[in-house]
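I have a structure here, written as structure tokens, and I will follow up with some questions on it.
Keep in mind that the numbers below use all heavy atoms, side chains included, and drop hydrogens, waters and symmetry copies. A, B, ... follow the sequence lines: proteins, then strands. Residue 1 opens every chain.
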Protein chains: 2
Amino acid sequence: MFSQAEENYLKALVQLIHFRDQGNEVGTNELALYLNVKPATANDMLKKLREKSLVSYVKYGKISLTVEGQKAGMDVVRKHRLWETFLVEKLDFAWDEVHEVAEQLEHIKSKKLVNSLDDFLQNPKFDPHGDAIPDREGRILIPYQRLLSEVSIGKSGKVVSVKDNSNSFLQYADKIGVRIGGMIEVAGRESYDGQTTLRVENKDHTVSDKFCMNIHVVCPTCKLGKDCSKNDCSF
Amino acid sequence: MFSQAEENYLKALVQLIHFRDQGNEVGTNELALYLNVKPATANDMLKKLREKSLVSYVKYGKISLTVEGQKAGMDVVRKHRLWETFLVEKLDFAWDEVHEVAEQLEHIKSKKLVNSLDDFLQNPKFDPHGDAIPDREGRILIPYQRLLSEVSIGKSGKVVSVKDNSNSFLQYADKIGVRIGGMIEVAGRESYDGQTTLRVENKDHTVSDKFCMNIHVVCPTCKLGKDCSKNDCSF
DNA sequence: ATTTTTTGTTAGGTCTACCTAACTTTATTA
DNA sequence: TAATAAAGTTAGGTAGACCTAACAAAAAAT
């Protein structure tokens, strides 16, 4: 099969190419930065993966995954997210403790293990962060997670992640009671500039559109593991 | 911490030195054979482990573990056996399918994970093969597993493993209905030569002492995870 | 359109864990 | 006890995944 390093590159490419809002063009430097290695190292590996027909790229060009490479990368993502779900649901890990361990567990090689784990967890469709878990064939449901800035007035969301990790943002968020796992209701929104009134822990705060665009929330009624699109989603 | 390879050597040394009936003297060749590497490789690693004060040995002498090395090796054994238990009890793996996967899982580095897993499994004392699981401090209970040749007349045991893996042995065992997980009653034993009458699936078979010395059984009443010494053990 | 910056590549080096082949020490046996 | 066999060691070599430093190509800015 694939080495641990190869799997890490394939997973990174899936994340960068397919699981990103913005541009899906990826280069050597960006990939290297993402994986905390030097560009020269990433370049070596890209050549190796090209040899194996897992990525397709030309010198100085952009990188893309072959069908086979995408399948392999998706499989690593699947394993990572299943293990994260296991850690949170069965072993009572907190959301922010699981990543490092899942980074290791995702490399365990056993089809039977992954599929048994999937069944044991009752085939969840989303992991604890609200990210979709690819199925056996690498297919995913469109995540029901969305930005707070896109939640309708009067609706509520449960915070699953934040995009901005700067101290100023985090401190501000903390000050007004916005934290991972917490509930937020969108009490009002000014159409002129997007100024939004949030109701958090029974207090109202008026925040900027920019602030709201950094917060991911999920629907609080259709909880983890359900296919939101089929439910009476409160968004 | 320790590399995967280092952990494998430490685990192997614990197995060879502490978890064996016969002589606990171990040399380079034997260690290499056990780990499927060449003696030269084992020798390299022994030097490295000595540098790190994990093993203690002199050139051309026998190998032993330091307190620190034994603790580290025991920890790997603990993880291996906990994962085996998880696979069998929670994911419905068969006894003979777990080893390969557990070989990988035992290298996951996270104290919290191991201890949570231990709790999740309700702190089992023995793994599915009947081998003792070391606790957080590396202590183990005396295994209640014993050889069929040591089971008293009139008592029964559940087969957990066999020592002999030759075809002739396995075929013979199969023919008389002796298989992993199956029950055997010792109906009688000749004190002269140890010829033993076994009752298997309601049929009697007379077998040699040699045959019985190759079969490990556990007490069928005090099942996995219990401390046999405290119970009304049927042995 | 030329210079500068950014991005990507190559060449050569390190470290780990393995190997083979040749050699030395210890143990066994004639 | 000398010869032979077994066990252990050393030297030198390979492959994978990383590195630095120097260089080349493409993109951006002047």
**Request:** Under the salt bridge (charged side-chain N to carboxylate O under 4.0 Å, His left out) rule, what do B:Asp118 and B:Lys111 come out as? Steps first, then yes or no, please.
**Result:** CA-CA 11 Å; B:Asp118 193 15; B:Lys111 274 227 173 65; over 6 Å; no
**Prompt:** OP1 or OP2 of D:dG16 less than 4.0 angstrom from a side-chain nitrogen or oxygen of A:Ser3, does that happen here?
**Reply:**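 The answer is no; no side-chain N or O of A:Ser3 sits under 4.0 Å from OP1 or OP2.
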**Prompt:** Between D:dG16 atom C1' and A:Lys47 atom NZ, what is the distance in whole Å?
**Reply:**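 My rounded result for the distance is 15 Å.
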**Message:** Side chain of B:Tyr60, heavy atoms from C-beta onward: which of D:dG8, D:dC19, C:dC18 has the nearest atom to it?
**Reply:**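 Closest of the options to the side chain of B:Tyr60: D:dG8.
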**Asked** C:dA17, D:dA17, D:dC19: which one has an atom nearest the side-chain heavy atoms of A:Met45?
**Response**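 So the nucleotide nearest the side chain must be D:dA17.
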**Message:** What's the separation between atom CD1 in A:Ile133 and atom CZ in A:Arg81, rounded to the nearest 0.5 Å?
**Reply:**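 Going from the CD1 atom of A:Ile133 to the CZ atom of A:Arg81 covers 8.0 Å.
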**Prompt:** Under 4.0 Å between a side-chain N/O of A:Lys38 and OP1 or OP2 of D:dA17, yes or no?
**Reply:**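 For D:dA17, neither OP1 nor OP2 has a side-chain N or O of A:Lys38 closer than 4.0 Å.
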**Prompt:** Is any side-chain N of the basic residue among A:Lys11 and A:Glu103 closer than 4.0 Å to the acidic one's carboxylate O?
**Reply:**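 The answer is yes: the pair qualifies as a salt bridge.
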**Item:** Separation of D:dA27 P from A:Glu25 CD (nearest whole Å)
**Value:**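 The distance from CD of A:Glu25 to P of D:dA27 comes to 10 Å, rounded to the nearest Å.
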**Request:** Quick one: label B:Thr28 by what it contacts on the DNA or RNA (base, sugar-phosphate, nothing), any heavy atom closer than 4.0 Å.
**Result:**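 Sugar-phosphate contact only.
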**Prompt:** Which whole-number value in Å describes the distance from A:Asp44 CG to D:dG16 C1'?
**Reply:**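 In whole Å, D:dG16 C1' and A:Asp44 CG are 10 Å from each other.
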**Item:** Interatomic distance where OH belongs to A:Tyr34 and P belongs to C:dT7 [whole Å]
**Value:**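 Going from OH in A:Tyr34 over to P in C:dT7 covers 18 Å.
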**Item:** A:Lys112/A:Asp119 salt bridge by N-O under 4.0 Å criterion
**Value:**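 No, A:Asp119 and A:Lys112 are not salt-bridged.
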**Item:** Residue met sooner reading DNA chain D from 5', once A:Tyr9 and B:Val58 are mapped to nucleotides
**Value:**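 Per heavy-atom nearest nucleotide, the more 5' residue is B:Val58.
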**Item:** Whether B:Phe211 and B:Phe169 hold their rings parallel, tilted or perpendicular, with breakpoints at 30° and 60°
**Value:**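 Rings of B:Phe211 and B:Phe169: tilted, as their planes differ by 30° to 60°.
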**Asked** Separation of A:Asn43 atom CG from D:dG16 atom P, in whole Å?
**Response**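 Distance, rounded to whole Å: 17 Å.
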**Request:** Pick base, sugar-phosphate or nothing for B:Ala42, based on heavy-atom distances below 4.0 Å to the nucleic acid.
**Result:**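 No contact at all - B:Ala42 keeps every heavy atom at 4.0 Å or more from the nucleic acid.
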**Distance below 4.0 Å between B:Lys62 side-chain N/O and D:dA7 OP1 or OP2** =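 For B:Lys62, the contact criterion (side-chain N or O under 4.0 Å from OP1 or OP2 of D:dA7) is not met.
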**Message:** Could you tell me how far apart B:Gln4 (CD) and C:dA17 (P) are, to the nearest whole angstrom?
**Reply:**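 It is 10 Å, rounded to the nearest whole Å.
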**Item:** Side-chain N or O of A:Asn29 closer than 4.0 Å to phosphate OP1/OP2 of C:dG8
**Value:**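 Yes, such a contact exists.
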**Item:** A:Lys59 vs D:dA24: side-chain N/O to OP1/OP2 distance below 4.0 Å
**Value:**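 No, no such contact exists.
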**Euclidean distance, atom CG of residue A:Leu31 to atom P of D:dC18 [Å, nearest integer]** =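 In whole Å, D:dC18 P lies 11 Å from A:Leu31 CG.
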**Asked** Expressed in angstrom and rounded to an integer, what is the separation of A:Leu35 atom CG from D:dC18 atom C1'?
**Response**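 Distance, rounded to whole Å: 12 Å.
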